[in-house]
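Atom set for the values below is all heavy atoms of this structure, side chains included, hydrogens, waters and symmetry mates excluded.
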Amino acid sequence: MIKSVNGAALRKMVINGAKLINSNKEHVDALNVFPVPDGDTGTNMSLTMMSCAKEVSNCPSNNIDALCDAMSKGALRGARGNSGVILSQIIKGMCAALAQCAEITSKALAKALQSGTDIAYKAVTKPKEGTILTVVRAMSDAASKLTKKSFEVPEFFERVINAGEEMLKQTPDMLPVLKKAGVVDAGGRGLLVIFKGFYNVLVGREEVNLSFDDSFKAGSDAKFDEAAHFDFTDLADIEFAYCTEFFVINLKKKTTEADIDRFRESLMTIGDCVLVIGDLEMVKVHVHTNEPGVALTYALELGEVDKIKIENMLEQNRELIGQKKEDLKPYGMVSVCAGEGLANIFKDVLVDYVIEGGQTMNPSAEDIAKACDKISAKDIFVFPNNKNIILAAEQAKALSNRTIHIIPTKNIPQGLSAALAFNPDDTPEQNTANMHEAIETVRAGQVTYAVRSTQIDNFNLKEGDIIGIDSTNIVAKGSDVDKVTAELVDKMMDESVSMIRLYFGNNVQEAEAEKIAQKLSTKYKGRDVDILFGGQPLYYYIVSLE
């Protein structure tokens, strides 16, 4: 009988949830509605859960509050794309409720699901029904009703998942675009896969052990280097001031393996980042604590202490922060794009840092925050250049030491227009306003291919068809890249356009781009037509009309 879940079981559930979504991410990706090669809902949710699982795996305590803190931080840092960000908010809300529990019961899970649902809905400016939000709300509603009866945790989980499955089946009736594509919501499916992973642990159906490439391996002294496991970037984050390391040698004859385990548990009560590695021959110890003397006293119960190193992390942090403050410039810019040519173009317009990412590689909130922190500037302007990255960019604000301004660019042309609008003599507010105004003057389109057969935007598409997309709608299709590109430009054109730019990529040769540029110049006399190497994957052309 399983009436409650303890910390050890919770750890296994999180790791197995990450494992299951990772092994099924291709299926979830395939449910993406828009038939272009960037259906990455499953991939984004998998990367978010893997980050969550890594933090949980590295958590030195089995206390539920510590594990919940690790879960929440890991999910936030790893959140990618809209689906990953929403998932991170569901986890954040659930963890806030579960952290109050000594053990997790069905009633506690119901409260946690309600909290997760509330936080997730608040994270989305204009929530849409028929999405992951609808599915998690249905699960939460079912959980609340189930608490009126007495269910063991496994049966409770099973019924909650079943309620989610029933709601998932209804999502095509809520969103016409799902019904046209003949699929259920990808985010909802991903969420249920993760909860299935949790459930499998409770009933003993799945292997739960995961390994991470960057996890600690016994015997590697390099892993004890302070830079490997602690980031000196924010003085406020340092709860335990002294990094304490030493060996325990010549262990007493009465010392047992159980004594070493108890020693490890004692260290967890006075600090964090606890590592106790070794055997009855020698033990290596690392702990962040405010009481290094107490740690040494505990160790003397086992044997002799040797090679003691105690470092004041507060002072180290003050020095680093002081150096950074001296070197800060007023402004910096960060852009997201995929393609060597596009990256070089952004650098040419004075963007400080380019994050590789885009259609199939949505960077996480942590990726964006780290990029901003690498720039020695007070105010950073971030250009996501993809609507699926904007939410993650917003989340990066909470993770960075910089003041971040998100310019909600949805494509590469908008990002370049925003960068060109930057004026170092203006205030952050003036620059933000100018950039917002600049992106409204740009029209962007893309030419790519359909990854599956479907009916959408009044087109009957077959897998492999060339398609032209104006903003979010498909406006042209065919079998010839040049013809579809010309038709796309024609659909986007009006009298206000004076410049046509084509960024070519996806194996398009420069000679091919020059050929179509010549045709456009002939057709649209008086307009400048320019071609630039973008090198972007998946998209033959990115079209900009200004």
Side-chain angles (χ1 to χ4, degrees), residues 1-7 9-10 12-14 16-17 20-21 28 45 49 52 64-65 67-68 71-72 75 83 86-124 127-175 178 184-206:
M1 295 179 65
I2 304 178
K3 293 186 176 181
S4 63
V5 173
N6 59 21
L10 177 62
K12 292 178 181 179
M13 289 166 67
V14 173
N16 201 57
L20 203 60
I21 185 63
V28 178
M45 296 183 79
M49 278 303 298
C52 181
I64 290 174
D65 58 347
L67 290 169
C68 285
M71 287 170 62
S72 186
S83 56
I86 293 171
L87 173 61
S88 75
Q89 296 306 294
I90 293 172
I91 292 173
K92 176 183 177 181
M94 292 185 67
C95 287
L98 294 178
Q100 311 302 316
C101 307
E103 287 194 330
I104 300 171
T105 62
S106 296
K107 288 186 177 181
L109 284 167
K111 291 181 180 179
L113 274 168
Q114 183 61 59
S115 176
T117 301
D118 292 343
I119 295 294
Y121 266 89
K122 289 177 183 177
V124 180
K128 284 186 178 180
E129 296 304 332
T131 66
I132 183 176
L133 294 172
T134 308
V135 174
V136 73
R137 193 189 71 236
M139 296 168 71
S140 174
D141 291 345
S144 297
K145 293 176 182 177
L146 290 170
T147 57
K148 296 177 182 178
K149 299 180 180 179
S150 179
F151 289 104
E152 292 185 27
V153 176
E155 186 177 357
F156 173 86
F157 250 98
E158 185 177 23
R159 288 173 178 261
V160 167
I161 290 171
N162 289 341
E165 290 283 357
E166 288 301 314
M167 182 57 71
L168 184 66
K169 293 176 184 177
Q170 299 174 42
T171 55
D173 296 324
M174 302 179 194
L175 283 177
L178 292 176
V184 295
D185 178 65
R189 170 52 68 205
L191 182 68
L192 288 168
V193 169
I194 293 165
F195 269 73
K196 182 71 172 180
F198 298 163
Y199 170 75
N200 285 343
V201 171
L202 298 174
V203 296
R205 288 183 185 170
E206 285 289 328

Got a second to check how far Ile104's CD1 is from Ile64's CD1, nearest 0.5 Å?
4.0 Å

Taking all non-hydrogen atoms of both residues into account, name the closest pair between Ala97 and Ala112 and its distance.
CB-CA, 3.7 Å

Could you give the distance from CG (Leu191) to CE (Met45), rounded to the nearest 0.5 Å?
5.5 Å

Compare all side-chain heavy atoms of Ile194 with those of Leu87 and state whether any distance is below 4.5 angstrom.
yes

Applied to residues 133-142, the salt bridge (charged side-chain N to carboxylate O under 4.0 Å, His left out) test, sequence neighbours excluded, yields Glu129-Arg137

With rounding to the nearest 0.5 angstrom, report the CG to OG1 distance, Leu175 to Thr131.
7.0 Å

For Glu103, give me all partners under side chain to side chain contact (heavy atoms under 4.5 Å, CB included), at least two apart in sequence or on another chain.
Ser4, Asn6

Residue pairs, two or more places apart or on separate chains, that pass side-chain hydrogen bond (donor to acceptor under 3.5 Å, both in side chains) and touch residues 106-119
Gln114-Asp118, Gln114-Ser140

Testing the basics here: between Gly197 and Asn16, what is the closest heavy-atom pair and its distance to 0.1 Å?
O-ND2, 2.9 Å

Can you tell me how far CD of Glu166 sits from CE of Met139, rounded to the nearest 0.5 angstrom?
13.0 Å

Here the pair of heavy atoms bringing Leu192 nearest to Ile161 is CD2-O, 3.8 Å

Give a yes or no on whether a salt bridge exists between Glu155 and Arg159, defined as a side-chain N under 4.0 angstrom from a carboxylate O.
yes

Taking only residues two or more places apart in sequence or in another chain, which ones pass side chain to side chain contact (heavy atoms under 4.5 Å, CB included) with Ala143?
Ala110, Leu113, Phe156, Val160

With under 30° as parallel and over 60° as perpendicular, where do the rings of Phe157 and Phe198 fit, or are they tilted in between?
perpendicular

Spacing of Cys101 atom SG and Leu10 atom CG [to the nearest 0.5 Å]
10.5 Å

Heavy-atom closest pair (Leu168 atom, Arg189 atom, distance to 0.1 Å) is CD2-NH2, 3.3 Å

What residues, two or more places apart in sequence or in another chain, satisfy side chain to side chain contact (heavy atoms under 4.5 Å, CB included) together with Ala99?
Asp65, Cys68

Would Thr134 and Gln170 count as a side chain to side chain contact (heavy atoms under 4.5 Å, CB included) here? Give the steps.
CA-CA 10 Å; Thr134 308; Gln170 299 174 42; over 6 Å; no

If you take all heavy atoms of Leu133 and Pro127, which pair is closest and at what distance?
CD1-CB, 3.9 Å

With Glu158 via side chain to side chain contact (heavy atoms under 4.5 Å, CB included) - residues at least two apart
Asn162, Tyr199

Derivation of the side chain to side chain contact (heavy atoms under 4.5 Å, CB included) call for Met49 and Ile91
CA-CA 10 Å; Met49 278 303 298; Ile91 292 173; 3.7 Å; yes

Evaluate the criterion side chain to side chain contact (heavy atoms under 4.5 Å, CB included) for residue pair Met13 and Leu202; output intermediate values, then yes/no.
CA-CA 8 Å; Met13 289 166 67; Leu202 298 174; 4.0 Å; yes

Rounding to 0.5 Å, atoms NZ (Lys92) and OG (Ser72) come to a distance of 6.5 Å

Nearest heavy-atom pair of Ala75 and Ser88: which atoms, and what distance?
O-CB, 3.5 Å

Which is it for Lys196 and Arg205 under the side chain to side chain contact (heavy atoms under 4.5 Å, CB included) test, yes or no, and what are the steps along the way?
CA-CA 10 Å; Lys196 182 71 172 180; Arg205 288 183 185 170; 3.8 Å; yes

Do the side chain of Asp185 and the main chain of Ile132 share a donor and acceptor less than 3.5 angstrom apart?
yes

